[in-house]
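Have a look at the structure that comes next, please.
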Amino acid sequence: MQTTWKGTISFGLVSIPVHLYSATQEHDVPLHQVHAKDGGRVRMKRYCEREEKEVPYAEIAKGYESPDGRTVTLSDEDLADLPLPSKKVIDVLAFVDEGEIDPLMFSKAYYVGVADKAAAKPYALLRDALTDSGQIAVTKIALRTRESPAVLRVHDNTLVLQTCIWPDEVRPAAGIAPEEGVTVRPQELKMARSLMDTLSEDFDLSQLHDDYQQALQQVITARLEGVEIPHEEEAGEAPDNVIDLMEALRSSLKQAKGGPKGGRGPAGAAEAEPEAEPEEEPAPRKRAPAKKTAAKKTSEAKTPAKGSATKTASAAKKTTSRKSAAPRKAS
């Protein structure tokens with residue numbers, strides 16, 4: 001790798017000579033400007049307004065125009081000799097938990113390597129201390145024409161310097177999120193968490209690829225070969241107004257588990273219905289007035305049925321007749 005910066009990490013009284021190497025690279029398809037009419041290359045020329053002629057790159061310097069119109073010219077030597085402590089030193093200012101630095105502030109990452117063999121032990125000491133504590137080191141560094149805050153952290157057993165923007169360069173988020181009160185039901189939150197868990201199963205970030213660059217390369221290849229440019233089928237427009245949020249969540253969960261439109265779920269998972277979620281509890285119903293069934297039964301118990309009463313009266317009459325027919329004793 002090509003060295004980006006050379007200097008020293010200052011860790012208390014410990015100094016670690018290091019080199020920085022760019023940790024990332026982008027795979028963009030190189031495009032340049034051409035004349036749309038004939039494809040001729042369009043080039044930008046460095047033109048001096050005062051002399052009205054093109055000037056070579058070697059005569060280019062940086063300048064600043066003051067509010068009153070005056071211009072100050074700064075040469076490369078002026079910028080290189082700035083009285084800046086962080087120009088060649090990465091000074092460790094503090095150690096904080098990683099969660100204390102908002103990822104919104106992170107910028108570019110650099111691998112940190114030792115400049116010589118003597119720096120190996122203090123390098124390993126700082127790396128292991130960060131690993132054991134679970135913390136990151138807050139520093140400052142001057143790269144090219146800009147001083148930036150930065151953090152030192154460990155990645156794959158290697159120190160990484162991550163430059164940051166200054167706190168006052170983060171724009172406030174006021175007025176972006178919905179301001180009116182929005183109530184999320186527990187059932188909706190539970191369904192959303194279930195969808196999150198399903199989408200996270202067997203996820204591998206390394207399997208993601210740049211669809212835009214791939215499609216652009218296909219168009220370029222088609223133009224070079226003189227064949228028809230491939231066209232992707234237009235996807236249906238996403239609904240702009242979700243009426244039934246719970247139903248949308250259920251459909252999303254089913255699709256993520258391998259529904260009709262496919263998903264990352266295992267084969268056969270499409271037939272498995274998502275776990276039913278409890279609906280919102282209905283309002284308690286008003287009890288209907290009690291029927292008079294109990295009273296009717298009580299009345300029936302007190303008043304025997306007509307047939308039963310007739311049989312009882314007939315039996316009593318026969319008993320009386322028998323008693324009347326019995327012989328009387330002689331007096």
Q | Hydrophobic cluster of M196, others only, ordered by chain and residue number, side-chain cut-off 4.5 Å | A |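 None; M196 is a cluster of one.
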Q) OH of Y212: more than 12 outside heavy atoms within 6.0 angstrom? A)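 At most 12 heavy atoms, drawn from other residues, nucleotides or ligands, come within 6.0 Å of this atom.
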Q) With sequence neighbours left out, what residues match D76 under side chain to side chain donor-acceptor pair (under 3.5 Å)? A)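 Applying side chain to side chain donor-acceptor pair (under 3.5 Å) to D76 gives none.
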Q: For the residue pair S194 and D197, confirm or rule out a side-chain donor-acceptor distance under 3.5 Å.
A: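 No pair is found: no donor N or O on one side chain lies under 3.5 Å from an acceptor on the other.
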Q: Kindly state each residue pair satisfying ring pair (Phe, Tyr, Trp, His ring centres under 6.0 Å) with at least one member in residues 75-108, sequence neighbours excluded.
A: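 Pairs touching residues 75-108 that pass the test: F11-F95.
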Q: Looking only at non-hydrogen atoms, find the nearest pair between I9 and V92 and report the distance.
A: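 Closest heavy-atom pair between I9 and V92: CG2-CG2, 4.1 Å.
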Q: Let me see the working for D116 and V114 under side-chain contact (heavy atoms from CB on, under 4.5 Å), right down to the final yes or no.
A: CA-CA 6 Å; D116 51 48; V114 293; 5.9 Å; no
Q: State which residues pass side chain to side chain donor-acceptor pair (under 3.5 Å) with Q207; sequence neighbours excluded, sorted by chain then number.
A: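 In terms of side chain to side chain donor-acceptor pair (under 3.5 Å), with neighbours along the sequence ignored, Q207 is linked to D204.
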Q.
Which Ile, Leu, Val, Met, Phe, Trp or Tyr residues join I229 in one cluster when any pair of side-chain heavy atoms under 4.5 Å counts as a link?
A.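 Reading the cluster by chain and number, I229 sits alongside V219.
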Q | Minimum-distance pair of heavy atoms, taken over all atoms of Q135 and V96 | A |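 Heavy-atom minimum between the residues: CB-O, 3.2 Å.
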For residues 147-163, dump all side-chain donor-acceptor pairs below 3.5 Å to protein atoms at least two apart in sequence or in another chain.
from : atom 1 : to   : atom 2 : distance (Å)
E147 : OE2    : S86  : OG     : 2.4
S148 : OG     : R146 : NE     : 3.4
R153 : NE     : Q162 : OE1    : 3.4
R153 : NH2    : Q162 : OE1    : 2.7
T158 : OG1    : D156 : O      : 3.3
Q162 : NE2    : S107 : O      : 3.4
T163 : OG1    : K108 : N      : 3.1
T163 : OG1    : K108 : O      : 3.1

Q. Heavy-atom distance under 4.5 Å between the side chains of F203 and L208, does that happen here?
A.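 Yes; the side chains approach each other to less than 4.5 Å.
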(Q) Please check: side-chain N/O of D97 versus main-chain N/O of E100, any donor-acceptor pairing under 3.5 Å? (A)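 Looks like no, no N/O pair under 3.5 Å.
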Q) Just wondering, do I220 and Q217 contact through their side chains at under 4.5 Å, heavy atoms? A)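 Sidechains of I220 and Q217: in contact.
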Q. Which value, rounded to the nearest 0.5 Å, describes the distance between L143 atom CG and K87 atom NZ?
A.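 Between atom CG of L143 and atom NZ of K87 there are 13.0 Å.
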Q. Taking it one step at a time, do Y110 and T24 satisfy side-chain contact (heavy atoms from CB on, under 4.5 Å)?
A. CA-CA 8 Å; Y110 298 87; T24 60; over 6 Å; no
Q. Transitive ILVMFWY cluster of L74 at side-chain heavy atoms under 4.5 Å: who else is in it?
A.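 Under the 4.5 Å side-chain rule, L74 groups with V72, L79.
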Q. With R41, which residues qualify under salt bridge (charged side-chain N to carboxylate O under 4.0 Å, His left out), at least two apart?
A.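 Partners of R41 under the salt bridge (charged side-chain N to carboxylate O under 4.0 Å, His left out) test: none.
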Q) Which residues satisfy the side-chain contact (heavy atoms from CB on, under 4.5 Å) test with T3, sequence neighbours excluded? A)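 Counting only residues at least two positions away or on another chain, T3 forms a side-chain contact (heavy atoms from CB on, under 4.5 Å) with K6, H19, Y21.
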(Q) Using a 6.0 Å cut-off, check whether atom CD of E169 has over 12 heavy atoms from anything other than its own residue. (A)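 Yes - once you tally the heavy atoms of other residues, nucleotides and ligands closer than 6.0 Å, there are more than 12.
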Q: Can you sort out the partners of A129 under side-chain contact (heavy atoms from CB on, under 4.5 Å), two or more places apart, ordered by chain and number?
A: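 With neighbours one apart ignored, the set is empty.
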(Q) Working note: D211 + H209, criterion side-chain contact (heavy atoms from CB on, under 4.5 Å); need CA distance, chi angles, decisive distance, verdict. (A) CA-CA 6 Å; D211 292 330; H209 60 276; 2.7 Å; yes
Q. Among the clusters formed by ILVMFWY side chains lying less than 4.5 Å apart, do V18 and Y111 turn up in the same one?
A.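 Looking at the clustering, Y111 is in a separate group from V18.
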(Q) Quick test of your reading: applying salt bridge (charged side-chain N to carboxylate O under 4.0 Å, His left out), list the pairs with at least one residue in residues 53-71, sequence neighbours left out, ordered by first then second residue. (A)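 Only E51-K53, D68-R70 qualify under salt bridge (charged side-chain N to carboxylate O under 4.0 Å, His left out).
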Q.
Going by the rule side chain to side chain donor-acceptor pair (under 3.5 Å), which residues pair with H27 if we only count those two or more places apart in sequence or in a different chain?
A.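 Per chain and number, H27 pairs via side chain to side chain donor-acceptor pair (under 3.5 Å) with no residue.
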